[in-house]
Amino acid sequence: TFVNLLMDWIGTQTLTPETENTTWRILEAGFRGEFWVKAIWYFKDSKALTDQVMDAFYKCLIQHAEYIIRMHSPYRYISNWGVIENHGLFEIGVAMPDEALRKRYVDTALSHLEMEARIQIMGDGVQWEQSPSYHNEVLHCYEDVMVLAQRNHIHVPESIRSAVRKMAYANLSWKKPDHRQFLMGDSDDGDIRDTISAAAWLFHDPVLKFGASPCLEYDMAWDLGIGAVKEYRDMETAMPKFQSAALEDSGNYYLRDGWGEHGNLLHFHCGTMGAGHGHSDQLHVDLVMGGEDVLTDAGRFTYVPGPDRFAFKDPTAHNTITVDNRFFTVCRDSWECSKLCAPVKRQHRFTEQYELVQGAHLGYMDREDAVAVNRRIIHIKPDIYIVADELYTGGSHEYRQYWHFSEKGRVTLRSSDKRRQGRTAADTAETEAGTGPSLEAEFWTSHICALFSFLGSGLEAEKGTSRIARDYNRAVDRDCITVKAVKKGFASLLTVIQGGPRDGYRPCEVEKVPVKSALKGITYPDSMAEAVRLRGNGRDYVAVICHQEVNSPTDMVEAEGCMGFGTIIVFDRNREALAGTVLDY
């Protein structure tokens, strides 16, 4: 059957200018370089592989190789297509019995692959298109090249080896507790342990093996061989010395409380969009609690131009914020944008008890009444997250926060701040300090629950339905919440997220408390500084967030008797009331 299919294709699919857009599209030519060469070995002892078949196969492989070389262009250096095509060329080259062709194809492929690795793979190991699915396709191609080169005693440039190792560690950094990748950009929901396993074996790296499968999976056994299966089984494992990770070049940050399958993990993105396969996801967050998805990206669903493609790429499909219902990135078609958005990366800080990630973008600076958008996320380990959205402007604007939940759970939305009843506008004009959340949302599955507390005045929220596509061409409904606020001048939206096992989990009480000048005796308005207190179950924290410089000329901030110097300070009131842990100055 394989021979019949092969010979039918070779006999009917002629390379012409027309078929270059169909059966001879250059990307598929690259894929066939891998698939055909691997497949022929599976049938090498079959009588069906006659001299006539092998001669036709050999000539068609040469045609593929020459076609890939002819089609090379600068575009290949930056596109995943270039890696896939030259991976196929390398596979064909290794298979060539003619030494001259073998050397030409192998040398050409490695030359192109080296430059593609240097251009496409960022310093933190992330493939520039900001899509884990394409990151792992590129990683697979490079791993395959290294395996074949090792078997055939072919030297691989160090730049390729280094890129492969960095890409594998990027996978380790962003691997969810269930061993799958985030649905970032044009990505599907897939287990990524196979590519980590291959890298662990190639580099004999016990840390990578820790993040991979305990034994080589079925596909890996076919690719690497039975000898590798035994070698891999006998390799040692070592837990990574890091938990959280800052992949600063790509602007991806991962706040992890441990390496267990029931752990918590938050992903925050503030970096380059990644062109066609990237989505409008500046300042987006994903959240896993207790090993289960709580907040998720939408996935890709389709590449077909139209409303569905835009619905999964636009900011409204991501856990981010928009201004005046306008998009900070505007898609023109499936791949191009008519407006892009520059990220503003900011410092992060990881300590034993607390973590901070933050970032901004300039997507709303293209108008007279401009708005600078900044998001800060404080992690109080292991299960509390404070998300502070800061909007710097002089005008009046409508802000919308989007929160998209896993389709595997359900959400309820309720108003919770009963103390607001009967208060006048004057009571709340300057500060909402001393009040609880205005709105709350609760997400739960059969195993975990998460509580969202929305703090601030004038908030409205509505529960709706959005879509998620964990696989291409298959989308399902899931719950979402949109939080709205109309503000003039500087505005902040504070959200506190807590979660844990559904049975027995008790969240802390959340309260917004005043921030004062410790030396001048004045209370700061919300536009200058805010603080959140969380207490319950033996825990008592105060987090102070300064939106601008407040310590002038000589001063400290004070909230609930806790005093310190910095723009973001967290106090554990059970241990300290002075200094605190400063996460940002």
Side-chain angles (χ1 to χ4, degrees), residues 124 126 130 132 170-184 187 240 242-248 250-271 281-298 318-321 345-359 374-389 401-406 409 441 443 445 448-453 481 493-500 505 507-508 532 534 541 543 545 568 570 583-584:
D124 57 18
V126 176
Q130 296 281 26
N171 260 351
L172 177 63
S173 297
W174 69 40
K175 181 172 70 83
K176 297 196 300 181
D178 63 359
H179 312 295
R180 308 180 82 80
Q181 65 189 11
F182 286 101
L183 297 176
M184 183 180 183
S187 291
F242 67 91
Q243 291 181 354
S244 297
L247 306 183
E248 296 179 77
S250 61
N252 289 292
Y253 303 84
Y254 301 90
L255 307 184
R256 189 186 300 270
D257 75 335
W259 289 101
E261 292 187 340
H262 300 288
N264 301 331
L265 175 61
L266 180 140
H267 165 227
F268 171 65
H269 176 64
C270 179
D281 60 356
Q282 291 295 353
L283 313 187
H284 166 85
V285 294
D286 299 280
L287 180 61
V288 178
M289 304 198 83
E292 295 193 35
D293 286 338
V294 176
L295 297 172
T296 76
D297 209 327
H318 300 88
N319 300 314
T320 186
I321 187 167
K345 299 177 186 178
R346 303 193 61 194
Q347 72 180 48
H348 68 280
R349 183 156 297 174
F350 299 159
T351 72
E352 185 175 343
Q353 190 174 2
Y354 314 112
E355 297 174 318
L356 168 72
V357 291
Q358 55 186 335
N374 189 61
R375 172 166 278 186
R376 294 164 139 181
I377 302 173
I378 301 167
H379 179 203
I380 301 176
K381 296 182 180 180
D383 57 356
I384 297 173
Y385 305 87
I386 302 172
V387 181
D389 285 331
Q401 281 181 330
Y402 300 93
W403 305 98
H404 298 273
F405 297 87
S406 167
F443 170 85
T445 70
I448 61 106
C449 65
L451 178 67
F452 287 67
S453 300
I481 288 175
L493 301 176
L494 300 179
T495 306
V496 178
I497 307 171
Q498 309 173 69
Y505 181 76
C508 294
V532 177
L534 300 109
Y541 300 104
I545 303 167
I568 294 186
V570 183
L583 299 178
D584 192 23

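Positions are given from 1 along the sequence.
Salt bridge annotation for Lys381-Glu355: present, with a cationic side-chain nitrogen under 4.0 angstrom from a carboxylate oxygen.
In terms of heavy-atom proximity, Ile386 sits nearest to Val496 at CG1-CG2, 4.3 Å. Shortest non-hydrogen contact noted between Gly499 and Met289 is N-CE, 3.3 Å. The nearest pair of heavy atoms linking Phe268 to Ile377 is CD1-CD1, 3.7 Å. Residues Phe350 and Ala246 share a closest heavy-atom pair of CE1-N, 4.0 Å. In this structure, Ile545 and Ala388 approach most closely via the heavy-atom pair CD1-CB, 4.0 Å. The nearest pair of heavy atoms linking Gly251 to Asp124 is N-OD2, 4.5 Å.
Side-chain contact check for Ile568 versus Ile378: some heavy-atom pair is nearer than 4.5 Å. Between Gln130 and Ser250 the shortest side-chain heavy-atom distance falls below 4.5 Å. Two residues are said to be in side-chain contact when any heavy atoms from C-beta on lie closer than 4.5 Å; Leu266 and Tyr385 meet this criterion. At least one side-chain heavy atom of Asp383 sits less than 4.5 Å from a side-chain heavy atom of Tyr505. Contact of the Arg256 side chain with the Asn264 side chain is not registered, since no non-hydrogen atoms from C-beta on lie closer than 4.5 Å. When side chains are defined from C-beta on, Thr445 does not count as touching Asp293, because their heavy atoms never get closer than 4.5 Å. Residues Val294 and Val288 are not in side-chain contact: their nearest non-hydrogen atoms beyond the backbone lie 4.5 Å or more apart. Looking at His284 and Asp297, their side chains come closer than 4.5 Å, going by heavy atoms from C-beta outward.
The closest side-chain donor-acceptor pair between Asp286 and Thr296, if any, does not fall under 3.5 angstrom. Side-chain N/O atoms of Asp389 and Gln401 include a donor and acceptor closer than 3.5 Å. The closest side-chain donor-acceptor pair between Gln358 and Asp584 falls under 3.5 angstrom.
By the neighbour-count criterion of 12 heavy atoms within 6.0 Å, atom NE2 of His262 is sparsely surrounded, having that number or fewer from other residues, nucleotides or ligands.
Note that the OG atom of Ser453 and the CD atom of Gln498 stand 6.0 Å from one another [nearest 0.5 Å]. Interatomic distance, OG1 of Thr351 versus CG of Leu356, reported as 10.0 Å (0.5 Å rounding). The line from SG of Cys270 to CG of Leu283 is 5.5 Å long, rounded to the nearest 0.5 Å. A distance of 11.5 Å separates CZ of Arg180 from NZ of Lys175, quoted to the nearest 0.5 Å. Between the CG atom of Asp281 and the OG1 atom of Thr320 there is a distance of 8.0 Å, given to the nearest 0.5 Å. Rounding to the nearest 0.5 angstrom, the gap separating the NE2 atom in His318 from the CG atom in Leu295 is 13.0 Å.
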Practice item. Begin with the C-alpha distance, continue with both residues' side-chain angles, and end with the deciding distance and a verdict on side chain to side chain contact (heavy atoms under 4.5 Å, CB included) for Asn252 and Met184. Key: CA-CA 11 Å; Asn252 289 292; Met184 183 180 183; 3.3 Å; yes
Practice item. Could you walk me through whether Leu265 and Trp174 pass the side chain to side chain contact (heavy atoms under 4.5 Å, CB included) test, one step at a time? Key: CA-CA 9 Å; Leu265 175 61; Trp174 69 40; over 6 Å; no
Review point. Does the pair His379 and Val357 meet the rule for a side chain to side chain contact (heavy atoms under 4.5 Å, CB included), with working shown?
Key: CA-CA 9 Å; His379 179 203; Val357 291; over 6 Å; no
Practice item. Please assess Ile321 against Leu493 for the test side chain to side chain contact (heavy atoms under 4.5 Å, CB included), listing each intermediate value before the final yes or no. Key: CA-CA 10 Å; Ile321 187 167; Leu493 301 176; 3.8 Å; yes
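Ring geometry, His404 versus Tyr402: the interplanar angle falls under 30°, so the pair is classed parallel (tilted spans 30 to 60°).
Remark: His267 pairs with Phe182, Tyr254 by the ring pair (Phe, Tyr, Trp, His ring centres under 6.0 Å) rule, at least two apart or across chains. Residues forming a ring pair (Phe, Tyr, Trp, His ring centres under 6.0 Å) with Phe443 (at least two apart in sequence, or on another chain): Phe405.
Side-chain atoms of Gln181 never come within 3.5 Å of backbone atoms of Ser187 as a donor-acceptor pair (strictly under, hydrogens ignored). Checking side-chain atoms of Trp259 against main-chain N and O of Phe242 turns up a donor-acceptor pair under 3.5 Å. Between the side chain of Lys345 and the backbone N or O of Glu248 there is at least one donor-acceptor pair closer than 3.5 Å.
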